Amino acid sequence: MPCPLFPERLFSLHIVYFYHVGFPNDCVRMKSLVYGVFFLEMLQTSIQCYDKFELYGKEFGNIANLDKGRLSWFSIAILTSFTGGIVQAFLGWKIYSLSKNWFIAIGVWILTLLATGAGMAQGILVRGVLISKVENHIKTSLNIWFITTAVNDFIIAGILIFYLHRMKTGMKRSGELITRIIKLTVETGSITGSFVNLCPPES
């Protein structure tokens, strides 16, 4: 049974390949970060595909199994919050590199720790819980996870846009490149944060 999630990861592989080709001289630490995040995404996808195979393939027709959460507590809550925490912590470091302001960077890191810890706590809380009963186990940790992640996305996107805009020198080529980076920051930061706010946990 083909997994519908793998095409998305093939796109991630495409991005990682271009990173490998375009930045061969990056330090080992940076390469480890990129490849490590990609590995976590592939692990998450593999676990979710395994769950889908068990549910719709191996145990097809067993209605009772539709209510089992299986490994979703780990693949969705724990791996998502952990991977997101790594990325946000890295962006906090990039903010410090641009602004040289420890106060802003530490604020981002504190929110990152809160979001990551809350997401992992929520995963542990729903471990082994039936899907029909998950709503009864939605605790404060889930609200903290969603809210701090969204707020952090907005803060990171806003600060990066501000400092990137200040880097414009008036030269057309470099200005166009910075503008493209700003657009990418908006698309992957503030907009995604907006969707989290529009779709609260209770919905």
Side-chain angles (χ1 to χ4, degrees), residues 5 8-9 11-13 15-16 18-19 23 26-45 47-48 72-126 139-167 178 180-201:
L5 300 174
E8 179 184 346
R9 292 300 169 247
F11 178 71
S12 298
L13 179 61
I15 295 174
V16 171
F18 275 104
Y19 167 78
F23 302 92
D26 266 3
C27 63
V28 175
R29 182 174 55 185
M30 186 63 66
K31 289 181 178 179
S32 298
L33 175 68
V34 174
Y35 300 143
V37 169
F38 176 69
F39 169 78
L40 290 173
E41 288 187 344
M42 289 302 298
L43 176 62
Q44 182 184 48
T45 301
I47 293 174
Q48 290 176 336
S72 60
W73 65 273
F74 179 74
S75 62
I76 296 177
I78 291 182
L79 281 180
T80 298
S81 57
F82 182 67
T83 305
I86 292 174
V87 174
Q88 288 187 336
F90 168 74
L91 291 173
W93 174 75
K94 292 301 292 182
I95 286 173
Y96 171 74
S97 299
L98 290 171
S99 66
K100 303 301 179 184
N101 189 323
W102 276 112
F103 177 77
I104 298 175
I106 290 173
V108 169
W109 290 331
I110 290 174
L111 287 174
T112 298
L113 287 174
L114 283 173
T116 304
M120 290 185 171
Q122 185 59 39
I124 294 171
L125 284 172
V126 299
K139 304 292 183 179
T140 305
S141 56
L142 183 63
N143 293 317
I144 295 174
W145 178 22
F146 273 55
I147 293 171
T148 51
T149 298
V151 170
N152 217 11
D153 280 343
F154 275 118
I155 291 174
I156 290 171
I159 293 173
L160 286 177
I161 290 170
F162 174 75
Y163 282 104
L164 285 171
H165 191 268
R166 288 183 58 182
M167 292 175 64
I178 292 175
R180 289 172 63 186
I181 295 174
I182 290 174
K183 288 181 180 179
L184 181 63
T185 302
V186 172
E187 291 169 359
T188 58
S190 56
I191 292 179
T192 53
S194 300
F195 276 104
V196 172
N197 285 328
L198 290 172
C199 304

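Bear in mind the structure is a predicted one, so any value in this text is a computation, not a measurement.
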Exercise for the section: Taking the side chain as every heavy atom from C-beta outward, state whether T149 and Q88 have any pair of such atoms under 4.5 Å apart. Expected result: yes
Problem - Side chain to side chain, F90 and I86, heavy atoms closer than 4.5 Å - result: no
Just verifying a value: how many Å separate [X] [atom1] and [Y] [atom2], rounded to the nearest 0.5 Å?
X: T45; Y: L40; atom1: OG1; atom2: CG; answer: 10.5 Å
X: K100; Y: I95; atom1: NZ; atom2: CD1; answer: 13.0 Å
X: Q44; Y: F39; atom1: CD; atom2: CZ; answer: 12.0 Å
X: N152; Y: I110; atom1: CG; atom2: CD1; answer: 10.5 Å
X: I106; Y: L113; atom1: CD1; atom2: CG; answer: 11.5 Å
X: S81; Y: L114; atom1: OG; atom2: CG; answer: 12.5 Å

Problem - Full working for side-chain contact (heavy atoms from CB on, under 4.5 Å) between L79 and I47 - result: CA-CA 10 Å; L79 281 180; I47 293 174; 4.1 Å; yes
Problem - Backbone of I124 reached by a side-chain donor or acceptor of W73 within 3.5 Å - result: no
Might you point out which heavy atoms bring [X] and [Y] nearest each other, and give the distance in Å?
X: G92; Y: A105; result: O-CB, 3.7 Å
X: I104; Y: N101; result: N-OD1, 3.3 Å
X: A118; Y: I144; result: CB-CG2, 3.8 Å
X: F82; Y: T116; result: CA-CG2, 4.1 Å
X: A77; Y: G119; result: CB-O, 3.7 Å
X: G123; Y: I78; result: CA-CG1, 4.3 Å

Exercise for the section: State whether Y96 and K94 meet the cation-pi test: NZ (Lys) or CZ (Arg) under 6.0 Å from the six-membered ring centroid, and within 45° of the perpendicular axis. Expected result: no
Practice task
State whether a side-chain donor-acceptor pair under 3.5 Å links T83 with E41.
Solution key: no
Practice task
Tell me, yes or no, whether the heavy-atom count around Y35 atom OH, taken from other residues, nucleotides or ligands under 6.0 Å, exceeds 12.
Solution key: yes
Handout entry: Y19, OH: over 12 other non-hydrogen atoms inside 6.0 angstrom
Key = yes
Exercise for the section: Evaluate the side-chain contact (heavy atoms from CB on, under 4.5 Å) criterion for residues L91 and V108: first the C-alpha distance (whole Å), next the side-chain angles of each, then the deciding distance (0.1 Å), finally the verdict. Expected result: CA-CA 9 Å; L91 291 173; V108 169; 5.9 Å; no
